[in-house]
Amino acid sequence: MAAPGATRIGVLEVVVVGAADASISGQLTGRMADVLGRRPGVKVIAPDDIRAILEREAQKQLVGCDATRCLVEIGGALGADVLVKGRAT
């Protein structure tokens, strides 16, 4: 449970593109969540939790959702103050 007033940060899976080894995605995502979660006053919402919310929200998102609007709605559904995503090349 997040402490009252804690900043809730949703950590999205790091996307690996280009020549980067695809197997590092999970490692980078986990490390990012770990580092952020160690900060005082921060509650991390892990990718597994986000996936569960996405599955529930998928029916709502089937029509007319651009990437930015979807991320805003997902963040709202998670109760996140911030969403963090990454890309490795």
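It should be emphasised that the depicted structure is a prediction, and the values quoted were computed from it without experimental measurement.
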Side chain to side chain contact (heavy atoms under 4.5 Å, CB included) with Val82: which of Thr7, Val42, Val11? Thr7
Is it the case that over 12 heavy atoms from other parts of the model lie below 6.0 angstrom from the CZ atom of Arg39? no
Side chains of Ile45 and Ile50, heavy atoms from C-beta outward: is any pair under 4.5 Å? yes
Using 0.5 Å steps for rounding, measure from the CG atom of Asp34 to the OG1 atom of Thr29. 12.5 Å
When rounded to the nearest 0.5 Å, the distance separating CG of Leu78 from CG of Asp81 is 11.0 Å
Answer yes or no: is there a donor N or O on one side and an acceptor on the other, between the side chain of Arg87 and the main chain of Val17, under 3.5 Å? no
Grab the two heavy atoms, one from Glu13 and one from Pro47, that are nearest each other, plus how far apart they are. OE2-CB, 3.3 Å
Exercise: identify the closest heavy-atom pair between Ala20 and Ala88: CB-O, 4.1 Å
Flag the pair Leu28 / Arg31 as yes when at least one side-chain heavy-atom distance between them is below 4.5 Å, and no otherwise. no
Same cluster (ILVMFWY, side-chain, under 4.5 Å), Met32 and Val44: yes
Out of curiosity, Arg38 CZ to Leu36 CG, how far, rounded to the nearest 0.5 Å? 11.5 Å
Would Leu83 end up clustered with Val35 when hydrophobic side chains under 4.5 Å apart are linked, directly or stepwise? no
